[in-house]
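Below: the structure, in structure tokens.
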There are 2 protein chains.
Amino acid sequence: MPAGFYPHDAKFLVAVDCIIFGFKNQELSILLTRRPVEPNKGEWSLMGGFMDENESLDKAAEKVLFRYTRQKGIYMEQVGAYGEVERDPGDRVVSVAYYALVRLEEFDTTLASAFDAKWVNIHQLPRLVFDHNRMVDDALQLLRFKVSLQPIIFEFFEGKFTLPSLQDLWEAIYQMPVDKRNFRKKIAAMGILDRLEIKDKSSSKRGAFYYTFNRQKYDEFIASGNRFSL
Amino acid sequence: MPAGFYPHDAKFLVAVDCIIFGFKNQELSILLTRRPVEPNKGEWSLMGGFMDENESLDKAAEKVLFRYTRQKGIYMEQVGAYGEVERDPGDRVVSVAYYALVRLEEFDTTLASAFDAKWVNIHQLPRLVFDHNRMVDDALQLLRFKVSLQPIIFEFFEGKFTLPSLQDLWEAIYQMPVDKRNFRKKIAAMGILDRLEIKDKSSSKRGAFYYTFNRQKYDEFIASGNRFSL
DNA sequence: ACAAAAGTGTTCACACTACACCCATGG
DNA sequence: CCATGGGTGTAGTGTGAACACTTTTGT
């Protein structure tokens, strides 16, 4: 811990709030909870927590994520810092928002009830406490930007996925339909996926092939001067 | 000031560091200073300051900007929060970075010496204290993104500018040459500039026409479903 | 045999790139 | 009159958008 060099005396609580995105029932959802403490107890809120003395912002966010999802190695990225004076009526708190992408397939549903938490479709978001709605808007904008330029969309799946489901996810993120052939053409052109020999028959008689993201192929693709783009 | 609802006791100094961009001598520069206090006194640093109890993050950044530039209404945007435990050896400090675009033409050069400050070309940046180099990298990346999608490049000028200088600025930001005709075509296609009847003769015998950004035309351009793109 | 979702190619429009010459003026 | 930077148009190419039918298989 660094020594106190500065005479400045204004110190602040620093919180971390997480926008946890998941893909479920063809829709993009985020994990919300009923706020367990006053003020605004019982209202809908993002998952959050305070940063401790001996941890970094990123570590604090990872802690929050693990606490509510029990998943490790979650993809996570900072959205920004929110520092309005009156943003939290409970105290002067500076909050740093992070968004995260989780694999809903392996999500432990008993956790949700334990924390009074719920997956809510991004179209049916209730009013959230403080400035959390703004955080969600900012996170969604950043998510769209990142998805279009980096191969993070695959983080929503546990390893394998089908092209129809990938496209459904893409459409849920951008809230716009895409032509199936154009979408698949773009994916195929990059050559960064491997097709497995097995099919997912849960949503059609014919079945859709599973694919996996091949990081090595991706690295080679990038190394040869190409740019990922979705 | 909100009441203290939370029993949490970990409080932190919150600083704001500003990456102040200016355009000078065909090059993009940022304003640096010799750090006036220990630790690392005398080393190169961004312009910064601590946030006070009764001000927001944005206000704290505006305060820093005004202190070092004496300009009001500066374009400014948050880059992100930096919260590594050991990032500042002087104390545990969470710092929030902002970048800003200033009009160097109206810059009071006496200020620079008063604060031991200096405009430094982004290619010749020295090693800065703490994680300031990383902040600059992040700010530059964000700047490039924003410039390509929003008409903020005009913030570098006090009202009028010539197309050659605008192109020089663009090239300085992206570090790549652009074809003159293509660049002007793109600008002209949007129809968001007004050509003045006067010329800048400081860099050629013939003189280059001055232009101004016309916000009303810009709003109409956007309202008709078009997208700004540079 | 039929319903329901998976899979597959081609054409067209537009945006981006490359490229070279004349113009205006001060010295 | 010439050196210097300002200003202009066109053709080609590649990328993104539109579009419809066949395949598979469980019921």
Side-chain angles (χ1 to χ4, degrees), chain A residues 25-27 144-145 147-149 157 160-212 221 224-230, chain B residues 23 25-27 144 147-149 157 160-172 174-212 221-222 224-230:
Chain A
N25 304 331
Q26 326 269 85
E27 273 303 335
R144 286 179 178 140
F145 173 61
V147 162
S148 76
L149 294 177
F157 301 100
K160 63 187 192 307
F161 49 87
T162 65
L163 294 184
S165 63
L166 187 67
Q167 181 173 349
D168 287 342
L169 173 53
W170 193 96
E171 292 175 340
I173 292 173
Y174 289 99
Q175 284 303 299
M176 52 172 71
V178 195
D179 182 84
K180 199 181 5 171
R181 285 163 290 187
N182 293 337
F183 182 78
R184 295 163 94 107
K185 215 185 312 171
K186 219 183 214 172
I187 302 265
M190 295 191 275
I192 58 177
L193 299 187
D194 292 327
R195 192 174 85 174
L196 306 185
E197 288 312 313
I198 50 175
K199 287 183 165 190
D200 168 30
K201 297 218 168 191
S202 66
S203 65
S204 80
K205 333 265 179 166
R206 183 177 178 176
F209 281 107
Y210 278 116
Y211 287 76
T212 55
F221 176 74
S224 10
N226 296 298
R227 298 222 148 274
F228 181 89
S229 158
L230 261 193
Chain B
F23 180 53
N25 305 331
Q26 326 270 86
E27 273 303 334
R144 285 177 179 145
V147 162
S148 76
L149 294 177
F157 301 101
K160 63 187 193 307
F161 49 87
T162 65
L163 293 185
S165 64
L166 188 66
Q167 180 173 350
D168 286 342
L169 171 53
W170 193 97
E171 292 176 340
Y174 289 99
Q175 286 301 303
M176 50 174 71
V178 193
D179 181 84
K180 200 181 4 172
R181 284 163 290 188
N182 294 337
F183 182 77
R184 295 163 94 107
K185 214 185 313 170
K186 220 184 214 172
I187 302 264
M190 295 191 275
I192 58 177
L193 299 187
D194 291 326
R195 192 174 82 174
L196 306 184
E197 289 312 313
I198 49 174
K199 288 184 164 188
D200 169 31
K201 298 219 168 190
S202 66
S203 65
S204 79
K205 333 263 181 170
R206 181 177 178 178
F209 281 107
Y210 277 116
Y211 288 77
T212 55
F221 176 74
I222 296 300
S224 12
N226 296 299
R227 298 222 148 274
F228 180 90
S229 158
L230 263 192

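Each chain gets a letter, A, B and so on, in the order the sequences are listed, and its residues count up from 1.
- Distance A:Q167 CD to C:dA5 C1': 12 Å, rounded to the nearest Å.
- Taking atom NZ on B:K180 and atom P on D:dT8, their separation rounds to 10 Å, with Å as the unit.
- Whole-Å rounding puts the B:R227 CZ to C:dC16 C1' distance at 19 Å.
- In this structure, A:D179 atom CG and C:dA13 atom P are separated by 17 Å, rounded to whole Å.
- Interface remark: the B:K205 side chain does not form any donor-acceptor pair with the D:dG6 base, using a distance-only criterion of under 3.5 Å.
- Here the OH atom belonging to A:Y211 is positioned 5.0 Å from the CZ atom belonging to A:R195, to the nearest 0.5 angstrom.
- Remark: A:D194 engages A:K217 in a salt bridge (charged side-chain N to carboxylate O under 4.0 Å, His left out) (not counting sequence neighbours).
- Nucleotide C:dA15 holds its C1' atom 14 Å from the CG atom of B:N226, rounded to whole Å.
- No side-chain heavy atom of B:K160 sits less than 4.5 Å from a side-chain heavy atom of B:F209.
- By the 4.5 Å heavy-atom criterion applied to side chains, A:Q167 and A:P177 are not counted as neighbours.
- Between A:L163 atom CG and A:K180 atom NZ the span is 11.0 Å, to the nearest 0.5 Å.
- Nucleotide D:dT10 holds its C1' atom 9 Å from the CZ atom of B:R181, rounded to whole Å.
- Contacts between residues 183-204 of chain B and DNA chain C, defined by a heavy-atom separation below 4.0 Å, involve B:K185, B:K201, listed by number.
- Rounding to the nearest 0.5 Å gives a distance of 14.5 Å between CZ of B:R144 and CG of B:L149.
- A donor N or O paired with an acceptor N or O is found under 3.5 Å between the base of C:dA6 and the side-chain atoms of A:R206.
- Between A:F209 atom CZ and C:dG7 atom C1' there is a gap of 10 Å when expressed in whole angstrom units.
- The nearest whole Å value for the distance from the CG atom in B:N182 to the P atom in C:dC19 is 11 Å.
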